[in-house]
Each structure stands twice: as C-alpha cells, then as structure tokens.
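Encoded as structure tokens, the structure appears first; notes follow it.
Nothing here was measured: the structure is a model prediction, and the numbers come from that model. Counting convention: from 1, in listed order, for ligands and their atoms alike.
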Amino acid sequence: MDLFKVYQLFDIEPVKGEGSFIFDKDGRRYLDLYGGHAVISIGHCHPHYVAMISAQLEKLGFYSNSVQNSLQKELAHKLGELSGLPEFSLFLCNSGAEANENALKIASFKTGKSKMIAFRKAFHGRTSGAVAVTDNPSIVAPINARDNIVFLELNNIQLVEDELEKGDVAAVVIEGIQGIGGIRLPEVGFMQQLRELCTRYNTILILDEVQSGYGRSGKFFAFQHCGITPDIVTTAKGMGNGFPIGGVLISPHFEAKTGMLGTTFGGNHLACAAGIAVLDVIKSQKLISNAEETGNYLLSELTKFGQIKEVRGKGLMIGIEFEQEVAEIRKKLLFEKNVFTGVSGKNIIRLLPPLNLKKDNAALFLEKLKETLDELL
Ligand code: PLP
C-alpha cells in the first residue's frame with residue numbers, strides 16, 4: 001500500500017530529537033525553530049517525559065472512559081493550577097480540531113442557537129465543524145457546513161456587535177494569536193469589548209489556544225495578555241509535546257450531563273502521562289518565563305534586520321514578514337544552515353520553537369538567518 005499523498009514533503013527524515021535540536025538519518029543536526037508545528041513544548045525527548053510515558057506503558061496503556069482514571073484528575077488539577085483557571089473543568093480529546101468541535105457543540109447546547117462568528121484568516125481545524133469556522137478557501141468545508149458561520153474582520157468590534165445584536169449567535173470563536181493566518185494579534189481593547197458583548201448577548205466566547213497556548217506566548221494562554229476570561233478554551237499541540245491529546249477547558253457556568261460529549265481515545269492513560277509530564281516540566285523549568293525572555297530577545301533583534309518588512313508576535317510565536325516570497329529563504333535555512341522554520345502564507349516565516357529555546361540557540365538562529373538573507377536578498 002502506498003501513502004495517500006496529501007502533504008508537500010521536504011526531503012529530510014528526522015530520526016532523533018534532543019532539546020531544541022533534531023537529527024536526520026545521516027546524523028546531521030538541525031536547530032528546531034518550528035517545533036513540529038508548535039507541538040514540541042518542553043523540547044524533544046525530555047527525560048522526565050520519556051520516563052513518565054515509558055513507566056505508564058509498562059503499567060497500563062489504555063482503558064476506556066467508563067471507569068475511574070486518576071491520571072485524568074491529576075492532569076486536570078495541574079492544568080487548572082498552572083493555567084490560572086482552577087475553577088474550569090476539563091474534557092479530554094485527541095486533537096485541536098476535535099477540541100474546537102466539542103467547544104462549538106457545548107456552545108450550541110447551552111444557548112440553543114446554532115450561528116457562529118469566526119474571523120477572517122482564522123484556522124480552527126479540519127473536521128466539519130472546525131473547518132466551517134476556518135476562513136481559508138483552499139480548505140474545503142462540507143456542503144452547507146458554513147451556512148451558519150459569519151466571518152468578520154479581526155479587531156473590528158462594531159462588526160461583531162452588529163451581528164451579536166441579532167440575538168442568534170451561539171458562539172464567537174477566536175484564536176489567542178492567529179497562527180496560520182500570519183501571527184496576527186487581537187488587540188487588547190477589542191478582546192475586552194468582545195468579552196463584554198458576548199456576555200451581554202448570551203453568546204459563548206471560545207478561545208482557540210491550540211497553537212498560541214501552553215506557555216508559547218509568554219503567558220499560559222495568549223488571551224491572558226488581554227485580562228479577560230473566556231467561557232471555553234481549547235488546547236492541543238503543546239499539551240502532549242507530540243503525544244496526541246487535546247482539551248476543552250469549560251467555565252463553571254456550564255453544567256455537564258452524562259452522554260453530552262464522548263470519545264474512545266480521549267484522556268487515555270498514555271496521553272495523560274504525557275500531558276502531566278509536560279505540565280511538570282513547564283513548571284519546574286519555568287518555560288513560560290523562558291518563552292517570554294527568549295521571545296523578547298528574538299523580537300527585538302529581528303527588528304534590526306533591514307531586509308525584514310515587519311516582525312510580529314509574542315513570546316515564542318513569531319511571524320517575520322518579507323516583501324518577497326519566503327520559500328527560498330526557508331529552503332536555504334533548512335538545507336544549508338540546518339534550521340527548521342515554519343511559514344504562514346507566502347511571505348511570512350513563522351517561528352514556533354520548543355519553549356526551552358535558550359538565548360544562545362536563539363542567537364545561533366539569528367546568525368544563520370543573517371547569513372541566509374545576506375546571501376539571498
Ligand atoms: N486551531 C488552531 C489555532 C490550529 O493552529 C490548529 C492546527 O494547526 C488547529 C486548531 C487544529 O488542530 P489539529 O491539527 O490538532 O486538529
């Protein structure tokens with residue numbers, strides 16, 4: 001059987017990871033400024049993470065959600081503490097799209113409404129509900145799935161109010177920082193007014209922190225830069241450092257009912273062990289403040305490059321926009337300078353490194369980027 005070829009592949013095969021570095025099958029070392037698409041939070045193959053998953057696998061890898069699972073409770077407790085949302089409750093699933101799907105359902109159940117507001121250039125996943133609130137023409141939504149979705153410009157509160165006034169909107173879904181859309185930040189004032197309006201019009205505010213969460217922005221969740229509390233927060237990617245796990249964090253004003261949501265694999269023992277290990281390491285190694293400090297260093301150094309049009313972001317979620325298309329820059333960085341980076345659209349290089357990125361490795365990246373830009377532009 002061959003693979004169903006849906007991905008554009010670089011001709012590199014990573015076979016080993018260590019901290020902020022990965023190694024290909026010929027032993028070549030790469031600095032990882034991409035984190036496997038914002039997934040690697042505590043660094044590759046962190047010893048505590050490896051030990052927790054291995055130990056759990058030797059005891060019990062999986063049993064169903066029809067029995068007690070104290071690992072889920074431990075994960076929820078630690079997540080509540082570290083995120084500053086101890087009063088929220090947690091529904092565990094397997095991915096970001098699934099987390100958003102469940103959030104949309106909860107909002108619809110609670111309000112009895114079905115219309116959703118999402119924002120231009122947002123990305124929320126590829127299941128039918130999540131893809132429906134994704135404003136990207138290249139990602140096809142199932143027929144009719146977008147009938148109930150209104151896409152608005154980010155940071156235009158009047159447009160939001162005009163829609164909410166109609167009284168038929170179940171939820172507003174918004175990324176803490178837009179990732180795929182080009183590292184675009186919601187303004188603080190916009191977020192605060194959005195919070196107020198959602199409360200006034202009985203609309204659920206869903207914060208998609210799948211990419212911007214788990215410490216990446218220099219706070220546990222990016223919305224915490226705006227001083228608001230959403231009704232529902234979704235998370236995945238960095239939550240398991242590569243082990244598939246997603247979560248829906250649900251505010252206390254929602255009441256759980258048996259059978260309301262469900263999943264076979266969500267919250268399994270191995271995923272919980274991975275999730276707990278991630279939280280332990282984020283806390284003990286102070287990775288959130290590291291993300292803030294190393295991120296600030298990168299942001300301020302990058303603004304000194306004459307060839308760059310604009311630098312945007314917070315913490316270790318950074319967009320570097322160029323006038324030119326960035327495909328050649330990325331390729332040179334990867335194949336000649338051995339640095340992995342991400343991309344948004346055609347003109348933006350996206351940095352999503354592991355949160356343990358140290359200042360000397362950030363400096364190494366800046367050096368490689370400078371060489372690349374001097375050679376190409
Ligand atoms: N939400 C955001 C903001 C994302 O960036 C992504 C994936 O890139 C998703 C949701 C979907 O997550 P997953 O691919 O785990 O389903």
Side-chain angles (χ1 to χ4, degrees), residues 6-8 34-41 91-107 116-136 138-142 145 149 151 154 171-186 191 205-217 220-223 225 230 232-249 263 265-268 271 274-275 278 312-319 340-345 348 350-353:
V6 294
Y7 301 109
Q8 202 182 349
Y34 179 49
H37 204 74
V39 167
I40 303 301
S41 47
F91 176 75
L92 286 163
C93 53
N94 309 286
S95 68
E98 213 185 308
N100 285 330
E101 198 81 33
N102 281 292
L104 296 171
K105 266 195 214 167
I106 297 169
M116 309 284 167
I117 290 178
F119 292 92
R120 296 245 168 257
K121 299 200 173 179
F123 182 84
H124 299 290
R126 292 169 194 267
T127 52
S128 65
V131 87
V133 287
T134 286
D135 177 37
N136 184 333
S138 70
I139 299 172
V140 180
I149 317 295
F151 289 104
L154 187 67
V172 176
V173 53
I174 182 166
E175 283 168 85
I177 296 174
Q178 280 194 348
I180 290 176
I183 313 294
R184 299 197 309 148
L185 285 80
M191 289 295 263
L205 178 57
I206 301 172
L207 250 297
D208 178 343
E209 294 276 354
V210 168
Q211 190 167 143
S212 54
Y214 257 73
R216 178 155 298 284
S217 74
F220 196 93
F221 289 122
F223 70 77
H225 291 281
I232 300 178
V233 183
T234 57
T235 178
K237 295 195 189 290
M239 187 174 186
N241 200 48
F243 202 103
I245 181 169
V248 189
L249 283 65
T263 157
F265 293 121
N268 70 74
V278 166
R312 295 188 292 274
K314 275 204 184 296
L316 290 174
M317 183 165 182
I318 296 176
F340 268 90
T341 57
V343 69
S344 291
I348 301 168
R350 195 160 33 135
L351 306 183
L352 304 161

Atom indices of ligand 1, in the order listed, that fall short of 4.0 Å to a heavy atom of [X]:
X      : value
Asn100 : 1 (N), 10 (C)
Ser95  : 15 (O), 16 (O)
Glu175 : 3 (C)
Val210 : 1 (N), 2 (C), 4 (C), 6 (C), 9 (C), 10 (C), 12 (O)
Ala97  : 11 (C), 12 (O), 13 (P), 16 (O)

Practice item. Please indicate whether Arg120 has more than 12 foreign heavy atoms, meaning atoms of other residues, nucleotides or ligands, lying under 6.0 Å from its CZ. Key: yes
Review point. Should we say atom CZ of Phe265 is surrounded by more than 12 heavy atoms from elsewhere, each under 6.0 Å from it?
Key: no
Exercise for review: Please say whether Gln211 places an N or O atom under 3.5 Å from an N or O atom belonging to ligand 1.
Suggested key: yes
Practice item. Using distance alone, determine whether Gly96 and ligand 1 share an N or O pair under 3.5 Å. Key: yes
**Study point:** atom 4 (C) of ligand 1: the protein heavy-atom neighbour that sits closest, reported with distance to 0.1 Å
**Key:** Phe123 CD2, 3.6 Å
Check your understanding: What protein heavy atom is closest to atom 1 (N) of ligand 1, reported as residue, atom name and distance in Å?
Key -> Asp208 OD2, 2.7 Å
Revision key, fill the gap. Of Arg126, His124, His37, the one whose closest heavy atom lies nearest atom 10 (C) of ligand 1 is His124
Do [X] and [Y] have side chains that approach each other closer than 4.5 Å (heavy atoms only, starting at C-beta)?
X      : Y      : result
Tyr214 : Phe220 : yes
Val343 : Arg350 : no
Phe221 : Leu249 : yes
Leu352 : Met317 : yes

Check your understanding: How are the rings of His37 and Tyr34 set relative to one another: parallel (under 30°), tilted (30 to 60°) or perpendicular (over 60°)?
Key -> perpendicular
Check your understanding: Looking at atom 14 (O) of ligand 1, would you say a protein heavy atom lies below 4.0 Å from it?
Key -> no
Exercise for review: Please work out whether any backbone atom (N, CA, C, O) or any side-chain heavy atom from C-beta onward of Lys237 is under 4.0 Å from ligand 1, and answer side chain, backbone, both or neither.
Suggested key: side chain
Revision key, fill the gap. Applying side-chain contact (heavy atoms from CB on, under 4.5 Å) to Pro186 and not counting sequence neighbours gives Leu154, Asn155, Ile174, Phe190, Met191
